[in-house]
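For reference, positions follow the sequence shown, starting with 1. Start at 1 and go down the list; that is how both ligands and their atoms are numbered.
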Amino acid sequence: MNKKSVKDVDLKGKRVFCRVDFNVPMKDGEVTDETRIRAALPTIQYLTDHGAKVILASHLGRPKGQVVEELRLTPVAKRLSALLGKEVKKADEAYGDAVKEMIATMSEGNVLLLENVRFYAGEEKNDPELAKAFANLADLYVNDAFGAAHRAHASTEGIAQHLPAVSGLLMEKELDVLGKALSNPERPFTAIIGGAKVKDKIGVIDNLLEKVDNLIIGGGLAYTFVKANGHEIGKSLLEEDKIELAQSFMKKAKEKGVNFYMPVDAVIASDFAIDAESKVVAIEDIPSDWQALDIGPKTAEIYSDVIQNSKLVIWNGPMGVFEWDKFAGGTRAVAEALAEANDTYSVIGGGDSAAAVEKFHLGDRMSHISTGGGASLEFMEGKALPGVVALNDK
Ligand SMILES: Nc1ncnc2c1ncn2[C@@H]1O[C@H](COP(=O)(O)OP(=O)(O)OP(=O)(O)O)[C@@H](O)[C@H]1O
Ligand SMILES: O=C(O)[C@H](O)COP(=O)(O)O
């Protein structure tokens with residue numbers, strides 16, 4: 001990476017404003033998945049080990065510029081404190097005199113967590129005044145929030161205009177893995193794209209078709225492609241206005257010599273319901289009042305074979321409604337094939353695919369699980385990430 005990192009700067013005695021992505025799932029005031037907190041630990045530890053005073057900032061949820069009590073970061077401070085094995089002070093604001101006073105009492109190696117930066121309307125507007133107020137708290141800015149790097153907000157982009165700005169270790173690792181995969185892939189290189197909507201994956205499919213050897217399509221978005229191929233899909237998800245686009249992707253794949261894989265069978269359901277009646281049919285046999293909620297077993301077998309024969313696989317988006325057991329088989333089969341493919345470097349592109357891999361307890365069998373959903377998608381689309389662009393060059 002051509003951006004400076006924490007390893008390139010002097011940290012001793014410095015007040016470091018470190019943006020992390022602690023946008024974690026919570027229930028009843030408890031953190032229910034601490035993956036993102038754990039992922040930030042190496043940077044926090046590196047900073048404290050090198051004598052910095054660490055001021056952490058994050059967003060949580062989408063409070064839209066207002067204080068929302070359930071979206072305070074207090075439970076996160078508690079979890080972080082336990083994981084670090086040291087006290088983490090928590091401020092009830094994210095800037096201002098009270099926060100400055102807390103920082104003034106900090107010693108080298110201390111950690112302070114600021115309040116949810118999205119409680120301020122200026123955060124998402126990238127208000128220069130708010131960015132300056134954040135910058136006023138510190139001597140150095142570290143961005144370790146890969147998951148929020150696609151947002152040009154005051155704490156991810158604006159602040160970098162006012163302080164020396166470097167990346168954290170997680171940010172560096174994410175950019176390294178995803179960057180290498182896209183620029184210098186080991187081959188055969190396979191991308192698996194699933195999820196609900198074609199509309200959300202247009203950019204990524206388009207960009208990956210320039211790079212991959214195999215493109216595998218699954219999930220709800222597959223049925224627009226099946227329809228574009230001339231089959232009836234009953235009540236399965238369809239984006240009518242994307243049929244032509246789907247056809248153009250299939251044409252592009254042919255022109256580029258990319259093997260394009262679509263479902264050959266499906267698990268169909270009588271309704272969109274957890275307890276719906278279900279059965280397996282060939283892809284051309286979906287009855288008009290049924291809907292496809294998962295890829296079928298033959299498809300799963302074909303996809304697993306392609307995975308086993310790949311050197312690099314990038315996966316974004318589930319193959320079916322994996323939240324419901326009846327329709328989780330396809331997503332599970334893909335996750336298991338990746339887990340078993342020892343010679344295959346597997347990159348899971350955050351969001352729902354990461355959640356699925358964790359649900360099947362296969363997380364530790366993947367080579368890299370990105371902490372960024374939207375961010376990894378935008379990166380794979382080939383877009384520049386504002387939170388990265390703003391950092392100082394090496
Ligand atoms: N055949 C299907 N019909 C309807 N819904 C489906 C189907 N297959 C998958 N889904 C649903 O799609 C959702 C995931 O799609 P979505 O595009 O939101 O996630 P994603 O691609 O992982 O994106 P992100 O990484 O941003 O979370 C899941 O909730 C899943 O139940
Ligand atoms: O969960 C995420 O993908 C990141 O934390 C970004 O959150 P956002 O989509 O609310 O900006």
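The heavy atom nearest to atom 11 (C) of ligand 1, considering only Ala196, Gly351, Gly374, Gly194, is found in Ala196. In this comparison of Lys201, Met319, Glu323, the heavy atom closest to atom 23 (O) of ligand 1 sits on Lys201. In this structure, of Gly320, Ala292, Gly349, the residue bringing a heavy atom nearest to atom 1 (N) of ligand 1 is Ala292.
Counting the atoms of ligand 2 from 1 in the order shown, those under 4.0 Å from a heavy atom of Asp21 are 4 (C), 5 (O). Listed by number with element, the atoms of ligand 2 under 4.0 angstrom from any heavy atom of Arg62 are 8 (P), 9 (O), 10 (O). Close approach of ligand 1 to Asn316 is summarised as follows: ligand atoms under 4.0 Å from at least one heavy atom of the residue are 21 (O). Close approach to Pro318 involves these atoms of ligand 1, each under 4.0 Å from a residue heavy atom: 14 (C), 22 (O). Near Arg118, with a cut-off below 4.0 Å to any heavy atom, the atoms of ligand 2 are 8 (P), 10 (O), 11 (O). Ligand 2 places these atoms under 4.0 Å from at least one heavy atom of Asn23: 1 (O), 2 (C), 4 (C), 5 (O), 7 (O). Residue Gly219 has at least one heavy-atom neighbour below 4.0 Å for each of these atoms of ligand 1: 1 (N), 8 (N). Within ligand 1, the atoms closer than 4.0 Å to a non-hydrogen atom of Tyr223 are 1 (N), numbered from 1 in the order shown.
With a heavy-atom cut-off of 4.0 Å, His153 does not touch ligand 2 at all. Within the 4.0 Å heavy-atom criterion, neither part of Ser236 lies near ligand 1. Contacts of Leu237 with ligand 1, taken as heavy-atom pairs under 4.0 Å, involve the side chain alone. Counting heavy atoms under 4.0 Å from ligand 1, residue Phe327 does not touch it at all. Residue-level proximity to ligand 1 for Gln291 is absent, since no heavy atom of it falls below 4.0 angstrom. Of all the heavy atoms of Leu377, none lies under 4.0 Å from any atom of ligand 1, so neither backbone nor side chain is involved.
The aromatic rings of Phe272 and Trp324 lie tilted to each other, with the angle between the two planes from 30° to 60°.
Distance check: Leu41 CG to Leu169 CG gives 11.5 Å after rounding to the nearest 0.5 Å. Between the OG1 atom of Thr224 and the CZ atom of Phe249 there is a distance of 11.5 Å, given to the nearest 0.5 Å. Expressed to the nearest 0.5 Å, how far CG of Asp10 lies from CG of Asp139 amounts to 10.5 Å. Separating the CD atom in Glu277 from the NZ atom in Lys326 is a distance of 8.0 Å, to the nearest 0.5 Å. Between atom CG of residue Leu137 and atom CG of residue Leu163 there is a gap of 9.0 Å, rounded to the nearest 0.5 Å.
When only non-hydrogen protein atoms are considered, atom 7 (O) of ligand 2 lies nearest to His59 NE2, 3.3 Å. The protein atom (non-hydrogen) at minimum distance from atom 11 (O) of ligand 2 is Arg151 NE, 2.6 Å. Of the protein's non-hydrogen atoms, Asp352 OD2, 3.7 Å is the one closest to atom 18 (O) of ligand 1. The nearest protein atom to atom 7 (C) of ligand 1, hydrogens excluded, is given as Gly220 N, 3.3 Å; this is a heavy-atom distance. With hydrogens left out, the protein atom closest to atom 2 (C) of ligand 2 is Arg36 NH2, 3.4 Å, a heavy atom. Ranking the protein heavy atoms by distance from atom 3 (N) of ligand 1 puts Leu293 CD2, 3.6 Å first. In this structure, the protein non-hydrogen atom closest to atom 5 (N) of ligand 1 is Val321 CG2, 3.7 Å.
Not one N or O of Asp294 is nearer than 3.5 Å to an N or O of ligand 1, by distance alone.
Side chains of Glu186 and Tyr345 form no contact here, defined as non-hydrogen atoms less than 4.5 Å apart. Side chains of Phe146 and Leu178 form a contact here, defined as non-hydrogen atoms less than 4.5 Å apart. Proximity of Glu123 to Phe134: side-chain heavy atoms (C-beta onward) are separated by under 4.5 Å at one or more points.
Assignment of Glu124 to the shell around ligand 2 is not supported, since no heavy atom sits closer than 4.0 Å. At a 4.0 Å cut-off, at least one heavy atom of Gly147 sits close enough to ligand 2 to count as contact.
For the side chain to side chain contact (heavy atoms under 4.5 Å, CB included) with Leu114, the lone residue among Leu56, Leu73, Val99 that qualifies is Val99. Each of His153, Arg151, Glu157 was evaluated against Asn126; a single residue qualifies, Glu157, per the side chain to side chain donor-acceptor pair (under 3.5 Å) test.
Side-chain atoms of Asp352 never come within 3.5 Å of backbone atoms of Gly317 as a donor-acceptor pair (strictly under, hydrogens ignored).
Between Glu30 and Lys27 there is no salt bridge, since none of the side-chain N atoms of the basic residue sits less than 4.0 Å from a carboxylate O of the acidic one. Salt bridge annotation for Glu108-Lys12: present, with a cationic side-chain nitrogen under 4.0 angstrom from a carboxylate oxygen.
Judged purely by distance below 3.5 Å, without hydrogens or angles, the side chains of Arg19 and Thr156 never pair a donor atom with an acceptor atom. Side-chain contact, Glu232 with Ser288: no donor N or O sits under 3.5 Å from an acceptor N or O.
Proximity of atom 26 (O) of ligand 1 to the protein is not indicated, since no non-hydrogen protein atom lies closer than 4.0 angstrom.
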